[in-house]
Amino acid sequence: MTDRSHARKGASRTRVLRIWIGLLLCIVIQGMPQVAPAAPVQPEPSVDLIFVIDNSGSMRKNDPQFVTPKVVDAFVRRLPSQAQVGMVLFDQGIRVLEPLDFRPSGEARERFSASLAKIDYKGRFTNSAVGIERALYELKVKGRPGARRGIVFITDGIVDTGNARKDQELNQWLKQDLTAESKSLGVRIFGIALTEAADFILIQALATRTGGEYYRTATAPEISTVLDNILSRLTPPVDAPMPVPATSPAPARGTEAQTAASPVARVATPPAVPTPRANAPAPAVAPGLGAWYFWALGLIVPLMAAAIVFLMIVYRKRAAVQPAAAPPKQPEAHLEDLGGVLGQGTPVLAITKARTTIGRDARNDIVIPKPTISSFHASIECKNMVFYLEDQRSTNGTRLNDRKLEANMPVRLKGGDRITLATFAFKFVLPDQIPFGETVMVSMTALEGPESGSTMIIDLNGEEGERGLITCLQSHLLQLHAMGPKYREFAGQYFNYDMLAIIATKAHQNLKKTQEGGDQYCAPIVQGKAFYLVCSLPVTISGAADWYGLRYGGFTQFIMKWIKSPAYQAAQCDRLCVVTFGQDPATWVSLTIVPTLQETEPVEIMSVDFLNEAEKAMLALDFDRHGRVM
């Protein structure tokens, strides 16, 4: 008998066995008494909640008894046990009083109360924008998937930084960018305006655009009632399923009009269950049904068990083992020993584990045998393809760039970050990514027209084409001048008028090619130790990030492609300057500067318009209101 005959015979036996088991199951199910399914137990919904509390001086006048901290403390005690809660305090700056964590109890309760005591209402200004942004960051990094996320925003005033123009920019940032991000993260903002002096328009905009709610309170004690209302919105009671009657009695004559008019009448009422009379005969039951059922059940169960065992043996031999999906590979990363603390033999320390510990103790993954290093000093952990640095309550501290870290508070790392453990410095490096430690993110600049707020389209066939491109680039460089002396000096050195004229000539040629061919064109220019790449873009600025993603896998990959190219390597330059022009329909320009030589204070600039959301998340970029990396 051939293998094919064996296969047909095996398949036939399997089909017969399936049919036989199906018939037996039908018999068992038909004979079993019908039991109404129990209502599923609804789990208590998880809640992630951040308080954003105003600490400006005006709050002392409106809350002289410091009722707000007491009300918040009492409210947190009433939260569900699985809730996560955090607090951010804002005035002219921000302080994270409590990172997002599970509802405190025990020792954590004392710490939580101590944090509330830090509310002193001594701030000079009211920068609520940075408070909301910091709360969103906490929820984005530590928020749980599926949790109901909310921000409770408590303030008695308006955005006030002492600079009217800056206040206007912050208001726009709040109403547009931050509300859009809140909505995308599923975060609802609940605004509480304490007294009539609060900015109701802003608070209402934040609430309505994120699906939250806004409240007016005349005094601080009223906040308690508002918080209870917010909790009911975040944790609504689970409605019990309404019983559905088996049959609905026909409506009595004369009640049809009432049923149609009354919404309450539309709900069918279950028929009344008749009360059994005394000595009433029991309902008749088919004779012998119970005995027959249990006899069949006793015979069928062993047969079904044997059949299942047989099928398991057969299919175990035949079924192909499906390989488990491989987890995503952790990005390549390492630390560079900037001070030579570990000697000449180990200048690079690879980060290969999901959690890498650093300290003096030999049990650490990276051992630094120095007295000022704690036994377990710090850790670097990779979560969702992003790295985090955390100080492990070290004696002499951990610093990230110029910022001292709080103990047990993970902070996201970017390529190029400088990590200092006690007095020993290391550089965090992501080899496959551009260093973003000190990068400034700038947006494109459109060519302005003579009228205020208008933009211009350059006629590429006209006489003023190249002149217009120079003017456009000069306007763009004003963003660098506004950033300080280092950037003004850089612009003057690398983008003098002669260099602008050379760039404009190449850009004019590329834009005409793009207009005719509908593709991107790039022209390299080597000037001293700078490698200029003048490019045209065939899409609008709003579609640039998606275009780079489809063509190169992202704008950062486009940059890396050129840095690794033979042309750049042969030029032996210190920096890559990418100047990109396009028409949207107004003519615009954007600048990207990537240093490829280690410098003490490098100038790093990236066009934020070209980065997609995946790149921003992967590179751990967090922006302030100017678009700069925080």
Side-chain angles (χ1 to χ4, degrees), residues 45-54 83-88 90 94 96 99-100 127-155 158-159 167-193 198-216 226-227 229-236 384 386 412 441 443 541-546 549 608-609 611-627 630:
S46 56
V47 175
D48 291 344
L49 192 65
I50 295 279
F51 284 90
V52 179
I53 303 174
D54 190 347
Q84 286 193 152
V85 64
M87 282 192 297
V88 173
F90 70 90
I94 58 165
V96 180
L100 187 65
N127 194 342
S128 51
V130 294
I132 295 291
E133 189 279 332
R134 190 62 177 85
L136 280 174
Y137 178 78
E138 282 286 308
L139 289 166
K140 179 168 62 175
V141 174
K142 301 177 183 177
R144 296 166 294 177
R148 297 179 178 180
R149 303 178 179 182
I151 291 175
V152 179
F153 174 43
I154 305 175
T155 183
I158 62 175
V159 175
D167 295 344
Q168 185 178 7
E169 292 176 357
L170 289 173
N171 268 294
Q172 288 297 109
W173 186 41
L174 268 170
K175 292 178 182 179
Q176 296 179 3
D177 299 340
L178 291 184
T179 53
E181 184 177 5
S182 297
K183 193 171 182 180
S184 67
L185 293 173
V187 176
R188 290 187 283 173
I189 298 178
F190 299 90
I192 303 177
D199 189 343
F200 295 107
I201 296 176
L202 173 64
I203 295 173
Q204 183 180 13
L206 295 177
T208 55
R209 293 178 184 181
T210 61
E213 187 58 84
Y214 75 101
Y215 306 87
R216 296 171 181 244
V226 170
L227 292 178
N229 183 276
I230 292 174
L231 182 60
S232 68
R233 289 176 176 271
L234 287 171
T235 57
N384 299 323
V386 175
R412 298 172 77 174
M441 313 300 289
S443 184
I541 196 68
S542 60
D546 291 338
V608 68
D609 299 298
L611 298 176
N612 56 43
E613 294 303 319
E615 287 180 299
K616 293 175 186 177
M618 182 180 64
L619 296 170
L621 296 179
D622 301 302
F623 308 103
D624 66 8
R625 66 186 185 86
H626 297 296
M630 297 173 63

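- For the residue pair G191 and I203, the shortest heavy atom distance occurs at CA-CG2, 3.5 Å.
- The line from CZ of R134 to CG of L136 is 11.0 Å long, rounded to the nearest 0.5 Å.
- Between the CD atom in E133 and the CD atom in E138 there is a gap of 10.5 Å [rounded to 0.5 Å].
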Quiz item: Hey, mind stepping through I151 and L139 against side chain to side chain contact (heavy atoms under 4.5 Å, CB included) and telling me if it holds?
Solution: CA-CA 9 Å; I151 291 175; L139 289 166; 3.8 Å; yes

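- In this structure, CZ in R209 is found 10.5 Å from CG in L174, a value given to the nearest 0.5 Å.
- For the pair R148 (side chain) and L234 (backbone), a donor-acceptor distance under 3.5 Å is present.
- V88 and G131 make their closest contact through CG1-O, 4.0 Å (heavy atoms, listed as atom of the first residue, atom of the second, distance).
- Between W173 and V130 the shortest heavy-atom distance is CZ3-N, 4.4 Å.
- Side chains of I154 and V52 form no contact here, defined as non-hydrogen atoms less than 4.5 Å apart.
- When all heavy atoms of T210 and I189 are compared, the pair lying nearest together is OG1-N, 3.0 Å.
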Practice problem: Given side chain to side chain contact (heavy atoms under 4.5 Å, CB included), test D54 with S128 step by step and report yes or no. | Solution: CA-CA 7 Å; D54 190 347; S128 51; over 6 Å; no

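- Residues I192 and T155 fail the side-chain proximity criterion, which asks for heavy atoms closer than 4.5 Å.
- For the atom pair CG (L100) and OH (Y137), the distance works out to 12.5 Å, reported to the nearest 0.5 Å.
- Nearest heavy atoms, D609 versus S443: OD2-OG, 2.8 Å.
- The side-chain heavy atoms of Q84 and V47, taken from C-beta on, include no pair separated by under 4.5 Å.
- To the nearest 0.5 Å, the span separating CG on L170 from CD1 on I132 amounts to 12.0 Å.
- Side-chain contact between F190 and Y214 is absent, with no heavy atoms from C-beta onward closer than 4.5 Å.
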Exercise. Kindly indicate, with the supporting measurements, whether the criterion side chain to side chain contact (heavy atoms under 4.5 Å, CB included) is fulfilled by F51 and V85.
Key: CA-CA 8 Å; F51 284 90; V85 64; 4.0 Å; yes

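- Pairing each heavy atom of I50 with each of A135, the nearest pair is CG2-CB, 3.4 Å.
- Ion pair E213/R188 not flagged as a salt bridge, since none of the NZ, NE, NH1 or NH2 atoms sits closer than 4.0 Å to an Asp/Glu carboxylate oxygen.
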Practice problem: Give the C-alpha distance, both sets of side-chain angles, the deciding distance and a yes or no for side chain to side chain contact (heavy atoms under 4.5 Å, CB included) between I53 and F90. | Solution: CA-CA 6 Å; I53 303 174; F90 70 90; 5.7 Å; no

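- Between D48 and R144 a salt bridge is recorded (basic side-chain N to carboxylate O distance below 4.0 Å).
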